[in-house]
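Each remark here refers to the structure printed beneath this line.
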Amino acid sequence: MTGERRIGVLGMGTHLPPTVRTNTEVAERAGVTSQWISERTGVLKRHVAGPHEAASDLAAQAVRSAAEAAGVDVADIGLLICGTSTPDELGPSTACRIQTLVGASGAVALDVSAACSGWLFAAKVAHDWLRGTDEIRYAAVVGVEVYSKFLDLADRGTAVLFADGAAAAVLGPVPASQGFTHFSLGSDGTLADRVLIPAGGSRFPASAATLADRAHCIRMDGRTIGRFITDVFPRLITDALDRGGLGIQDVDCVVAHQPNPVLLRRIGADLGIPADRLVVVGDEVGNIGAASTPYALARAAARGRLRPGDRVLLAVFGAGMTWGSALLTWSGARAVPSQTPTTPPPGATGTPHAGPSESEGAHR
């Protein structure tokens, strides 16, 4: 039966825009030092989209690379789900824009909005959809953010952390011993105002007043968010292990949202997660929101840290507030970064960069 088949990752792709904003550049505008940024957050650099690049442009590159890695023609993708909090427009869905860019004409395309938890939420939708129908065999699930379009560069609480990037996975049937299990998702809307972009929606439509107030930029209550992460991350790990009947020693790799490398490593150490099993990439890319977790998963695969049959614990958390976890038995899928040009698009600022770094790091 369709509902009995296991769904897992067949291939992954990532895309980072070529322009890099260094700590020195960020520090000057934010009124801090580059040393302050690296010591407090662990972030060393962040990639920035060009003035004419939108979320769909970055996401399309990642989806193409994921399809290449999976050996799947984009025309055979029947479902395309985008997790993002920085869509091209309020409507239509950014997934429809991606669908056109990649040529996935036969796909059902939709967005999932769960902020930094968005990719795992979208993966859950795709997982259940694929298990429930024989008509669709492959799904593309992409997380993407272009936070640089929504930053007040003078706000040190956000400018030092948030950045741009995309990461995608093609999901499909895998052997019974592989794939996703034990999803658990949650949210707490009472904390929805702790990190948000206040204006631009139906509550506060764009106006001269919202522009003057810089209400179209990300605002974050850093203390509350830090407490939330410190509380929810350990619970996600413990609950996922309990649902799977596992101990931390039974998990080969922990892949989490990347809010802040310093915070992530500290909590990981407190939980007894061996340093070589916790994937940290935020130092090289900053906080790329819904793209953070799939980017970290793809980098782990690309660096040879995942072998077929390895057990991966996924943990996400983000604005809303939202959170989730899942267990994933790795299929041996390839991960392919998109090819980025060595020169930025016209009008871009920052330092051109040839492609993703091989250094390991962290986030938010």
Side-chain angles (χ1 to χ4, degrees), residues 1-15 59-84 93 95 98-99 102 104 106-112 114 117-144 166-185 253 255 290-302 306 308-314 316 324-336:
M1 293 177 58
T2 300
E4 299 299 323
R5 68 180 179 182
R6 293 286 288 269
I7 303 300
V9 175
L10 304 182
M12 299 199 71
T14 61
H15 179 72
Q61 297 267 33
V63 170
R64 290 190 194 101
S65 294
E68 176 190 343
V72 171
D73 192 313
V74 291
D76 293 328
I77 293 172
L79 178 63
L80 197 163
I81 307 181
C82 175
T84 187
S93 72
I98 301 165
Q99 176 191 30
V102 302
V108 178
L110 67 146
D111 286 358
V112 167
S117 303
W119 182 81
L120 190 62
F121 277 52
K124 169 63 170 169
V125 174
H127 171 272
D128 290 1
W129 199 316
L130 291 175
R131 280 171 61 95
T133 180
D134 288 317
E135 297 177 0
I136 296 176
R137 185 169 179 83
Y138 303 116
V141 182
V142 58
V144 60
V170 170
L171 306 187
V174 294
S177 60
Q178 301 173 0
F180 288 99
T181 60
H182 298 91
F183 282 96
S184 179
L185 309 176
C253 193
V255 178
S292 292
T293 303
Y295 182 86
L297 181 62
R299 296 304 284 157
L306 293 176
D310 276 359
R311 187 177 285 115
V312 182
L313 195 164
L314 299 163
V316 298
S325 64
L327 293 173
L328 171 64
T329 302
W330 192 244
S331 60
R334 294 174 60 224
V336 176

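Nothing fancy with the numbering, it's 1 onward along the sequence.
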Worksheet item: Taking C-beta and beyond as the side chain, do L313 and V255 meet within less than 4.5 Å on heavy atoms?
Response: no
Worksheet item: Say you draw a straight line from OH of Y138 to CD1 of I77; how long is it, rounded to the nearest 0.5 Å?
Response: 10.0 Å
Worksheet item: Looking at residues at least two apart in the chain, or sitting in another chain, which of them share a salt bridge (charged side-chain N to carboxylate O under 4.0 Å, His left out) with D128?
Response: K124
Discussion item. Using only atom types and a distance under 3.5 Å, with no angle test, would you say the side chain of R334 pairs donor to acceptor with the backbone of A70?
Written reply: no
Fill in: Atom pair CG/OG of L327 and S184 - distance to nearest 0.5 Å
10.5 Å
Discussion item. Run the side chain to side chain contact (heavy atoms under 4.5 Å, CB included) test against A104 and tell me which residues pass, sequence neighbours left out.
Written reply: L80, Q99, V102, A107
Item to complete: For residues L328 and L297, determine if any side-chain heavy atom of one lies less than 4.5 Å from a side-chain heavy atom of the other.
Response: yes
Worksheet, complete the sentence: When rounded to the nearest 0.5 Å, the distance separating CG of D111 from SG of C82 is 5.0 Å
Worksheet entry | Closest non-hydrogen atom pair between A166 and A291, with its separation | CA-CB, 3.8 Å
Worksheet item: With side chains defined as the heavy atoms from C-beta onward, is the minimum distance between L306 and V312 less than 4.5 Å?
Response: yes
Fill in: Taking every non-hydrogen atom, the tightest pair across L10 and P173
CD2-O, 3.7 Å
Item to complete: Measure the spacing between CZ of R311 and OG1 of T181 and express it to the nearest 0.5 Å.
Response: 8.0 Å
Practice prompt. Check V336 against S65 and note the closest heavy-atom contact, atom names and distance.
Written response: O-CB, 3.2 Å
Worksheet item: Would you say V125 and F121 make side-chain contact, with heavy atoms under 4.5 Å?
Response: no
Item to complete: Please tell me if the side chains of V9 and V170 come closer than 4.5 Å, counting only heavy atoms from C-beta onward.
Response: no
Worksheet item: Pick from L171, V112, I98: which one makes a side chain to side chain contact (heavy atoms under 4.5 Å, CB included) with I81?
Response: V112
Discussion item. Could you report the tightest heavy-atom contact between S93 and L110, atom names first, then the distance?
Written reply: OG-CA, 4.2 Å
Worksheet item: With under 30° as parallel and over 60° as perpendicular, where do the rings of F180 and W119 fit, or are they tilted in between?
Response: tilted
Item to complete: Say whether, by atom type as modelled, one donor and one acceptor occur between the side chain of R6 and the main chain of Q178 under 3.5 angstrom.
Response: yes
Worksheet entry | Short side-chain to backbone donor-acceptor contact, T84 and V144, under 3.5 Å | yes
Item to complete: Taking all non-hydrogen atoms of both residues into account, name the closest pair between L120 and G324 and its distance.
Response: CD2-C, 3.7 Å
Fill in: Nearest heavy atoms of A139 and A126, plus distance in Å
CB-CB, 4.0 Å
Worksheet item: Looking at CG of D310 and OG of S331, how far apart are the two atoms once the value is rounded to the nearest 0.5 Å?
Response: 11.0 Å
Worksheet item: Any side-chain heavy atom of M12 sitting closer than 4.5 Å to one from P294?
Response: yes
Response to the item:
One should read off an interatomic distance between L130 CG and R137 CZ, to the nearest 0.5 angstrom, of 10.0 Å
